[in-house]
Amino acid sequence: KNVELDWNGYKINYSQAGALGYGVNISGYDNITVKNCNIVEGNSATSQKHAVSIYDSSNIELLNNSITVAGSSYGVKMEMVNFSLITASNFFREGGVNNGLIYLTEESLWNNITDSFFNATTNPGISADSGPSYILISNVSINSTSGNGFTLGEGMENWTIQDSTIVTTGVNAEGMALGSDSAGYN
């Protein structure tokens, strides 16, 4: 079954009172499209309130969305997610520390991130750990004032990053930070 959620530019302002919650939560569902949505974290109090949380799902498409997070939440957290696409989207962080705007973890395979912009401020634009593999990142732009463009941890294989721009301006910011046992970067 295919489900398409077309927000036609409307806003989801989640977590206004700082309570734990998600803008969009896709757990255990396949073949879902979320498009044309403006997802905004309303209050930075309480951590782990992700704009989009995807768990144990396949064939997810995020198309033409604008995502803004404040505290230590992820814009998109993908855990055990396969064959998915994030494209034509914009990601912004207003404060907060440590977490990437997109975070892939736990054996997420065959996912693509294309044609998107990241304003990461003090955090990575894209971060990953614990085995996401066969990832294509193409035509993305990441700006970070003091965080890394990419922070890729351990246990990942076969990542391709192409036709992309990373701008970091902080003293200790790196364009890309790689984990010690990852292999197969292009």
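Since the structure is predicted, the reported quantities are computational estimates derived from the model, not experimental observations. The first residue of the sequence shown is numbered 1, and numbering continues consecutively from there.
- Among residues at least two apart or in separate chains, ring pair (Phe, Tyr, Trp, His ring centres under 6.0 Å) pairs with a member in residues 49-72 are Tyr22-His50, His50-Tyr74.
- The main-chain N or O of Ser72 is never found under 3.5 Å from a side-chain atom of Arg93 such that the two would form a donor-acceptor pair.
- Among residues two or more places apart in sequence or in another chain, the side chain to side chain donor-acceptor pair (under 3.5 Å) test is passed with Asp6 by Asn36.
- Nearest heavy atom pair, residue Asn65 against residue Lys35, reads OD1-C, 3.4 Å.
- Closest non-hydrogen pair, Trp159 versus Pro132, comes out as NE1-O, 2.9 Å.
- The two residues Ala120 and Leu101 have their closest heavy-atom pair at CA-CD1, 3.8 Å.
- Contacts classified as salt bridge (Lys or Arg N to Asp or Glu O under 4.0 Å) and involving residues 122-133 (residues at least two apart or in different chains) are not found.
- Looking at Asn111 and Ser108, their side chains never bring a donor and an acceptor atom within 3.5 Å of each other.
- Taking Thr145 as the reference, nothing meets the side chain to side chain donor-acceptor pair (under 3.5 Å) condition, with sequence neighbours excluded.
- Residues forming a side chain to side chain donor-acceptor pair (under 3.5 Å) with Thr87 (at least two apart in sequence, or on another chain): Thr114.
- The one candidate from Val40, Asn38, Val24 that meets the side chain to side chain contact (heavy atoms under 4.5 Å, CB included) condition with Ile12 is Val24.
- With sequence neighbours excluded, no residue forms a salt bridge (charged side-chain N to carboxylate O under 4.0 Å, His left out) with Glu107.
- Sorted by first and then second residue, the salt bridge (Lys or Arg N to Asp or Glu O under 4.0 Å) pairs involving residues 40-69 (not counting sequence neighbours) are Glu41-Lys49.
- Atom-to-atom distance recorded for Ser116:OG and Asn64:CG is 9.5 Å, nearest 0.5 angstrom.
- Glu94 places a side-chain heavy atom less than 4.5 Å from the side chain of Thr68.
- Residue Leu62 holds its CG atom at 6.5 Å from OG of Ser89, rounded to the nearest 0.5 Å.
- One finds the CD1 atom of Ile54 at 5.0 Å from the CD1 atom of Ile26 (value rounded to the nearest 0.5 Å).
- Residue Phe117 is found in a hydrophobic cluster whose other members, listed by chain and number, are Phe92; membership requires side-chain heavy atoms under 4.5 Å apart, directly or through intermediates.
- Side-chain contact between Ile86 and Val76 is present, with heavy atoms from C-beta onward closer than 4.5 Å.
- With sequence neighbours excluded, the residues forming a side chain to side chain contact (heavy atoms under 4.5 Å, CB included) with Leu5 are Val3, Trp7, Val34, listed by chain and number.
- Taking OG1 of Thr165 as the start and CG of Asn143 as the end, the distance is 8.5 Å to the nearest 0.5 Å.
- With rounding to the nearest 0.5 angstrom, the CG atom of Leu109 is 10.5 Å from the CE atom of Met78.
- Note that CG of Asn82 and OG of Ser58 are 4.5 Å apart. Values are rounded to the nearest 0.5 Å.
- Applying the side chain to side chain donor-acceptor pair (under 3.5 Å) rule to Ser164 yields no partners; only residues at least two apart in sequence or on another chain are considered.
- Across all non-hydrogen atoms, the minimal contact from Ser57 to Ser27 is OG-C, 4.0 Å.
- Side-chain N/O atoms of Asp115 and Asn139 include a donor and acceptor closer than 3.5 Å.
- Screening residues 133-152 for ring pair (Phe, Tyr, Trp, His ring centres under 6.0 Å) gives Trp110-Tyr134 as the qualifying pairs, with residues at least two apart or on separate chains.
- Tyr29 and Phe83 are not part of a single hydrophobic cluster, where members link through side-chain heavy atoms under 4.5 Å apart.
- Of the possible donor and acceptor atoms, one in the side chain of Ser84 sits under 3.5 Å from a partner among the backbone N and O of Ile60.
- A search for side chain to side chain contact (heavy atoms under 4.5 Å, CB included) contacts involving Thr168 returns Ser144, Ile166, Ala173, not counting sequence neighbours.
- A 4.5 Å side-chain heavy-atom check between Val140 and Phe91 finds every atom pair outside the cut-off.
- Met156 approaches Ala128 most closely through the heavy-atom pair SD-CB, 3.4 Å.
- Heavy atoms only, all atoms of each residue included: Ile67 and Ala51 are closest at CG2-CB, 3.4 Å.
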